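Numbering of ligands and ligand atoms starts at 1, following listing order. Here, residue 1 is the first one in the sequence, and each next residue gets the next number. Fair warning: this is a prediction, and the values are worked out from it, not measured in the lab.
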Amino acid sequence: MEKEKITLSVIKADVGSYTGHSKVHPELLDIARASLQEACEQGILIDYHVVAVGDDLELIMTHQKGTDNSEIHKLAWDTFSRCADKAKELKLYGAGQDLLADAFSGNVRGMGPGVAELEFVERGSEPVVVFMADKTEPGAWNYPLFKMFADPFNTAGLIIDPKMHKGFVFEVHNLKEKKKILFSLPEDMYTMLTFIGAPSEYCIKAVYRKDGDGERVAVSSTEKLAFVAGRYVGKDDPVCIVRCQSGLPAVGEVLEPFATPHLVAGWMRGSHCGPLMPVGLADAMPTRFDGPPRVVALGFQLNHGKLVGPVDFFADRAFDRARELANRLADYLRRLGPFEPHRLPSEQMEYTTLPVLLKELDAKFTDI
Ligand code: 13P
Ligand code: 13P
Ligand code: MG
Ligand code: MG
C-alpha cells in the first residue's frame, strides 16, 4: 500500500498593514485564523499556523490534497480577500496590495500571493523549518540554500553523513525568461554559482535529494509581483520550506547561513539593498528606512500532518551578533543614501516607480 502523503503549503500575501508597511493588524490575523480553523473543521486542512512577518500575512497549512490544489488555493485566496476587506475598512496601508486579480481563477500562482509547497511521505520523524522574509525578494534564498545544501564549511553532514555525501540537485529558475535548469552538486557547483550569484535574475526554486526517490526537500516561493502586475506594487517578500535531519542538513546547519546577514534587494520602496536580519517573531517588524529586511525561521515537527510547534529559532541569542552586524551594515549603507550599491543598480530600478520619472525627462536630453 502506498504510504499517505502530506502536503505542507505556505501561502502569503501583503493585504494591508499599519503603520505604513510595518505590521499586520491583529484583527486580520484573527480573521485568517478563524478562516483556517473552519477549513480544519470541514476536513479541508489537517492543521494550520498563521503568523505575521512584517506586513506579510503568512498561512502555514497542512493537508492531503497535493501541491497546486485549487481547493487549498481558493481557501488562501478567500482568506486573504476577507482580510483585505477588513484592511480597507480600517483604512490600513496598501489594503489588498498583493491581490492582483479581481477573482480567483483556480490557482493563486500568478495572482499576487507567494507560494511554497512540498508534498512528501512523512518520515518517522519529520522536522521542517519555514523561513519567511519581509522587504526582500525570492533571490534572497540563493545564498542560504546554497550554504545549507552545498557548502561543506556550513554543513558538516555533506562530509560526515554517508546519505548526504553525494550532494543534492538544485532547480534554478530564470523568472523573467520563464526558464529552468537543473544542477547536480558538487559536480556543477562552479557553473551554478555563475547563475545564482545574480539573485535578481536567477532563483533557486527547489532542492532534491540524490538518495532514494530523488524527492524535493526544499522549495521557495518565486512569485514576482512586478512581472504579474507589470508595474511596481511592493516587494515579493518570499517564503521557503526546508526539511531537515536524517540524510538532510541538520536544523542547526539549516539555520547557520543566517549567522551572516547577506545583502539582499528590497529595502525601502523595493529600491535598495540591505542586510537580511534574522529575528524572532516579536522583532519581525521593519522600522528603520522600512527595514532592514527581516527573516524569521519557524521550526515544526510534523505528526500525521499536525504542526507540532513552532520553535521561533531566530529569537535565540545565538543570533544576537548577526543582528549586531546587520545593524552595523545598515549604518554604513544608509550613509550612501541614493548612491549605488545601496540604491539598486539601474537594471533593477526598472521594476520600481523610477522609470515613470525618467520618461518625463526624456525630451530634455540632447545629443553630446
Ligand atoms: P541526524 O543524522 O540524525 O539528522 O543527526 C544529525 C546531528 O547530529 C545534528 O547535529
Ligand atoms: P512591502 O513590499 O513589504 O509592502 O514594502 C514596500 C515598501 O515599499 C517598503 O518601503
Ligand atoms: Mg506592504
Ligand atoms: Mg512585505
Worksheet entry | Closest approach to the Mg ion (ligand 4) by Asp237, given as the N, O or S atom name | OD2
Discussion item. Quick one, Phe258 with Phe313, criterion ring-ring contact (aromatic ring centres under 6.0 Å, His included). Give me CA distance, side-chain angles, the key distance, then yes/no.
Written reply: CA-CA 11 Å; Phe258 297 91; Phe313 283 118; over 10 Å; no
Under 4.0 Å between a side-chain nitrogen and a carboxylate oxygen: does that hold for [X] and [Y]?
| X | Y | value |
| --- | --- | --- |
| Arg294 | Asp283 | no |
| Asp290 | Lys135 | no |
| Asp134 | Lys23 | no |
| Arg243 | Glu126 | yes |

Closest approach to the Mg ion (ligand 3) by [X], given as the N, O or S atom name:
| X | answer |
| --- | --- |
| Asp55 | OD2 |
| Asp14 | OD2 |
| His21 | ND1 |

Discussion item. Under 2.8 Å from the Mg ion (ligand 4) - does any N, O or S atom of Asp56 fall there?
Written reply: yes
Item to complete: May I ask you to check whether Lys135 has an N/O atom sitting below 3.5 Å from an N/O atom of ligand 2?
Response: yes
Practice prompt. Mark up the atoms of ligand 2 that fall under 4.0 Å of a heavy atom belonging to Met268, in ascending order.
Written response: 10 (O)
Item to complete: Check the surroundings of atom CG in Asp102: do more than 12 heavy atoms from other residues, nucleotides or ligands lie under 6.0 Å from it?
Response: no
